[in-house]
Amino acid sequence: MHVVTRFAPSPTGSLHIGGARTALFCWLFAKHHGGKFLLRVEDTDRARSTPESIETIIDGMKWLGLDWDNKDYEGRDYYSQFDMRGRHADVARQMVAEGKAYYCYASPQELEAMRAEQKAKGLPQRYDGRWRDRPASDAPEGVPPVVRLKTPQTGETTVTDAVMGEITVQNSQLDDMVLLRADGTPTYMLAVVVDDHDMGVTHVIRGDDHMTNTFRQVQIYNAMGWDVPTFGHLPMILGPDGSKMSKRHGAQAVGEYREQGYLPEAVCNYLLRLCWTHGDDEIIPQKKAIEWFDLGSVGRSAARFDFVKLKSLNAHYIREMPDNELAKLAVPFVEKKLGKKLAPANVDLLEKAMPDLKPRASTLLDIADMSAFYFHEGAFDFDAKAQKIMTPEAGDALKELAARMEGMDDFSGSALEEIFRAYAEAKGVKLGAVAQPLRVALSGSTVSPPIFHVADLLGKTETLKRIAAAL
RNA sequence: GUCCCCUUCGUCUAGAGGCCUAGGACACCACCCUCUCACGGUGAGAACACGGGUUCGACUCCCGUAGGGGACGCCA
C-alpha cells in the first residue's frame with residue numbers, strides 16, 4: 001500500500017502530549033507501510049503563530065525520535081501552510097468560477113446576530129445561506145466578501161473512518177463554510193484539503209476533535225473532484241479525572257516530560273498503549289511497534305492519562321538501558337542537582353553506580369536525587385532518622401570496623417561485607433545494626449544503594465574519610 | 001439546543017455469540033527475598049453503565065435510557 005501521512009500542528013504553543021500521540025501514530029503508520037511521514041505547520045493564523053512554537057514542536061518531535069521526510073524544503077525543515085496561500089486562493093476562485101462556491105457579503109456582526117437568534121430559538125447554529133443564491137448585482141459597495149462553499153443540502157455523506165468505522169451525516173446538517181476570508185487568506189478547512197491533496201497525503205490521521213470537520217472537508221474534495229484520503233480519527237486523551245487535559249493535571253508539553261527525566265522510549269510506549277493494543281503486550285519497543293502497528297487496533301473511546309503508569313514504564317526503560325548511555329543522560333540532571341559540573345572521574349563513578357541506581361529509579365530526576373551523595377563533599381547534615389542510627393554505640397562499632405578496614409588490601413564490597421558480618425556475629429547483633437551506621441556515614445541517609453558496594457565505589461580513602469567525619 | 005462519537009476491574013485495556021469461573025498491565029494489599037530502599041518472585045481483592053429485545057445461548061448483535069467526550073468561528 002502506498003502511504004503518505006502527515007502531522008499538521010498549528011504553531012501556537014508547545015507540542016502537547018495529545019499532539020505527540022497523533023504524530024507518533026502517523027509516524028508508525030507510515031513506517032509500518034514503508035511510506036512517507038510529512039510535517040506541515042498550519043500557520044495560517046498569523047496572529048497566533050510563532051517561530052518559537054515551531055522550534056518547540058520540532059524539538060519535541062526530534063526528542064521523541066519521530067523523523068519526518070520533508071526536510072530541507074525551500075530552506076526549511078517543514079512545509080509552511082502560509083507559503084501555499086496563493087494556491088489556496090486559486091482553488092477558491094476556481095470553485096467560484098465553477099459555481100461550487102460563492103461570495104458572501106454578510107458582516108461578522110450580522111452573522112453573530114444570526115447565531116444569537118438561532119441559539120435563542122433553540123435552533124442549530126449554522127450559516128443560513130443568505131448569500132447562496134443572490135446575484136452578483138446585489139453585492140454591496142466596498143464590502144470585501146468571503147468565499148463560501150456551496151455545500152449540498154440534500155442527501156447524506158458517509159465517511160469510512162479507519163478507526164471509527166462508517167459514519168454518516170445528513171448533508172442538511174452541514175452549512176456553507178468559509179473557504180477564503182475577506183482578506184483573501186484561506187481558512188483551515190480549505191488549506192488542509194488543498195495541502196493534503198497537493199502533498200499526496202493518503203491517510204489523514206488526527207484527533208477525533210476533527211471528526212465532524214471531516215464531513216465538511218469531504219465536500220471540498222468532492223467539489224474539486226479530488227480523491228478523498230482515508231481518515232483515521234484517534235480518540236482524545238483526557239486528564240486522570242476524565243476531563244480535558246489541562247495544567248492542573250500535570251505536565252502537558254512534551255518538553256516538560258523531558259525535563260522531568262522521562263525517556264522518549266517510555267513516553268512513546270505509553271502513548272502507544274494508551275489507545276492502541278496488541279493483545280496483552282505492554283512493553284512494546286519501537287521496532288515492534290512499527291512491525292505491529294495498524295489503525296484497526298486503535299480504540300474508539302477517550303483514554304485517561306495515568307502518570308503513575310507512565311512512570312512505571314519509564315522505570316522499566318531505565319532498567320533496560322545500558323549503564324554508559326544512562327549515565328550520559330543522567331549527567332545534566334545530576335549537575336543540576338549538585339549545582340556544579342561533574343568531573344570526568346565523577347561521571348565514571350556515576351556509570352559504575354548505575355547498576356545500583358537503575359532498579360531504584362523511575363526517572364532521571366530520581367537518579368540525580370539518589371546519586372548526589374556519591375559526589376558530596378564535607379560532612380553530611382544528618383536528618384532525624386540518621387541521627388537516631390548514629391548512636392554512641394554505633395559510633396564505637398564503626399570506629400573499630402574502620403580500624404579493620406585500614407588493613408584491607410582487597411577493598412571490595414564482598415570483602416567488606418565479610419568483615420561486617422563477622423563483627424556482627426561476634427557481637428551477637430544483626431548485620432543491619434552495623435550496616436545502617438555505615439550507610440548513614442557514607443551516604444548521609446538511612447536509605448541508599450547496597451552500602452558495601454557504595455564503599456567499594458567510593459574507595460578506601462574516601463570511605464574512611466567519611467566515617468571519620470561522621471563520628 | 002442540533003449533530004457525531006464513546007461506555008469491561010481505580011486506570012489503560014484483552015474479548016470479534018458458546019473458549020469467560022471475564023485475561024493482562026499499572027496501582028493497591030499480603031507474603032518471600034533482604035544491610036536500608038528498591039528490583040525480583042508468589043498470592044489476594046477488584047469490572048462487562050442501566051433497561052428492553054434477538055438467540056438454544058449474549059461482554060459480544062439491535063433499540064432505548066443514563067453518563068462522558070467532541071463539533072457547531074472570516075481558530076486550527
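In what follows, chains carry the letters A, B, and so on, assigned in the order in which the sequence lines appear, proteins first and then strands, with residues in each chain numbered from 1.
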A.B. asks: Are A/R300 and A/D208 close enough for a salt bridge, meaning some N to O gap below 4.0 Å?
C.D. replies: no
A.B. asks: Using distance alone, with no hydrogens and no angle criterion, decide if A/Y102 and A/D176 have a side-chain donor and acceptor under 3.5 Å apart.
C.D. replies: yes
A.B. asks: Can you list, in residue-number order, the parts of residues 82-96 of chain A that come under 4.0 Å of RNA chain B, counting heavy atoms only?
C.D. replies: none
A.B. asks: Syn or anti for B/C39? Use the chi torsion, O4'-C1'-N9-C4 for purines and O4'-C1'-N1-C2 for pyrimidines, with syn inside 90° of 0.
C.D. replies: syn
A.B. asks: Is there a donor-acceptor contact under 3.5 Å linking the side chains of A/Q219 and A/T157?
C.D. replies: yes
A.B. asks: Hey, what's the ring geometry for A/F380 with A/H376, parallel, tilted or perpendicular (30° and 60° as the breaks)?
C.D. replies: parallel
A.B. asks: Just checking A/Y317 against A/Y262, ring centres under 6.0 Å apart?
C.D. replies: no
A.B. asks: Answer yes or no on whether A/R404 is positioned over the face of A/Y423, meaning its NZ or CZ is under 6.0 Å from the six-membered ring centre and within 45° of the axis.
C.D. replies: no
A.B. asks: Base, sugar-phosphate, or nothing: which does A/Q173 touch, judged by heavy atoms less than 4.0 Å apart?
C.D. replies: sugar-phosphate
A.B. asks: Taking any heavy-atom pair under 4.0 Å as a contact, classify A/H210: base, sugar-phosphate, or nothing.
C.D. replies: base
A.B. asks: Which part of the nucleic acid, if any, lies within reach of A/A455 when heavy atoms closer than 4.0 Å are counted: base, sugar-phosphate only, or nothing?
C.D. replies: nothing
A.B. asks: May I ask you to say what A/K358 touches in the nucleic acid, namely base, sugar-phosphate or nothing, with a heavy-atom cut-off under 4.0 Å?
C.D. replies: nothing
A.B. asks: What one-letter contact string describes nucleotides 35-40 of chain B from 5' to 3', where B marks a base within less than 4.0 Å of any protein heavy atom, S marks contact via sugar-phosphate atoms alone, and - marks no contact?
C.D. replies: BBBBSS
A.B. asks: So which nucleotide does B/G40 pair with, by the Watson-Crick or G-U wobble rule with both distances under 3.5 Å?
C.D. replies: B/C32
A.B. asks: Parallel, tilted or perpendicular: which describes the rings of A/H278 and A/W292, with under 30° parallel and over 60° perpendicular?
C.D. replies: parallel
A.B. asks: With sugar-phosphate meaning primed atoms plus P, OP1 and OP2, does A/D356 contact a base, only sugar-phosphate, or nothing at under 4.0 Å between heavy atoms?
C.D. replies: nothing
A.B. asks: Could you check how far CG of A/D281 sits from P of B/A25, rounded to whole Å?
C.D. replies: 12 Å
A.B. asks: So do the side chains of A/L398 and A/L438 get within less than 4.5 Å of each other, counting heavy atoms only?
C.D. replies: yes
A.B. asks: Taking atom types as they are modelled, would you say the side chain of A/D208 forms a donor-acceptor pair with the base of B/G70 within the 3.5 Å cutoff?
C.D. replies: no
A.B. asks: The test is side-chain contact (heavy atoms from CB on, under 4.5 Å); show your working for A/M405 and A/F420 and say whether it passes.
C.D. replies: CA-CA 10 Å; A/M405 283 184 238; A/F420 272 68; 3.7 Å; yes
A.B. asks: Tell me the side-chain hydrogen bond (donor to acceptor under 3.5 Å, both in side chains) pairs involving residues 445-457 of chain A, sequence neighbours left out?
C.D. replies: A/D356-A/H453, A/R439-A/S448
A.B. asks: Can you work out whether A/T212 or A/L123 has the more 5'-proximal nearest nucleotide on RNA chain B?
C.D. replies: A/L123
A.B. asks: Looking at RNA chain B, which of residues 146-153 of chain A put a heavy atom within less than 4.0 Å of it?
C.D. replies: A/V146, A/R148
A.B. asks: On RNA chain B, check which nucleotide each of A/M164 and A/C104 is closest to and give me the residue with the more 5' one.
C.D. replies: A/M164
A.B. asks: Below 30° counts as parallel, above 60° as perpendicular, anything between as tilted: where do the rings of A/H210 and A/Y188 land?
C.D. replies: tilted
A.B. asks: In this structure, how many angstroms lie between the C1' atom of B/A71 and the NE2 atom of A/H233, rounded?
C.D. replies: 11 Å
A.B. asks: Taking atom CD of A/Q125 as the centre, report whether more than 12 heavy atoms of other residues, nucleotides or ligands fall under 6.0 Å from it.
C.D. replies: yes
A.B. asks: Without decimals, in angstroms, what is the distance between A/L234 CG and B/C6 P?
C.D. replies: 14 Å
A.B. asks: How does each nucleotide of nucleotides 7-13 of chain B score, in 5' to 3' order, for protein heavy atoms under 4.0 Å: base (B), sugar-phosphate only (S), or none (-)?
C.D. replies: S---SBS
A.B. asks: NA contact type, A/S443, heavy-atom cut-off 4.0 Å: base, sugar-phosphate, or nothing?
C.D. replies: nothing
A.B. asks: What integer distance in Å separates A/F7:CZ from B/A76:C1'?
C.D. replies: 12 Å
A.B. asks: Listed by chain and number, what are the salt bridge (charged side-chain N to carboxylate O under 4.0 Å, His left out) partners of A/R40, not counting sequence neighbours?
C.D. replies: A/E42, A/D195, A/D196
A.B. asks: Quick one: do A/I167 and A/M211 satisfy side-chain contact (heavy atoms from CB on, under 4.5 Å)? Show the steps, please.
C.D. replies: CA-CA 10 Å; A/I167 303 168; A/M211 192 65 237; 3.5 Å; yes
A.B. asks: Does B/G73 have OP1 or OP2 sitting under 4.0 Å from an N or O in the side chain of A/R115?
C.D. replies: yes
A.B. asks: Assess whether a salt bridge exists between A/R248 and A/D241, defined as any Lys/Arg side-chain N lying under 4.0 Å from an Asp/Glu carboxylate O.
C.D. replies: yes
A.B. asks: Send over the distance from A/M236 CE to B/C4 C1', rounded to a whole Å.
C.D. replies: 13 Å
A.B. asks: If B/U65 has a Watson-Crick or G-U wobble mate with both distances under 3.5 Å, name it; if not, just say none.
C.D. replies: B/A49
A.B. asks: Rounded to the nearest angstrom, tell me the gap between atom CD in A/E156 and atom C1' in B/C4.
C.D. replies: 14 Å
A.B. asks: Can you figure out which of B/C72, B/C74, B/C5 approaches the side chain of A/T187 most closely?
C.D. replies: B/C74
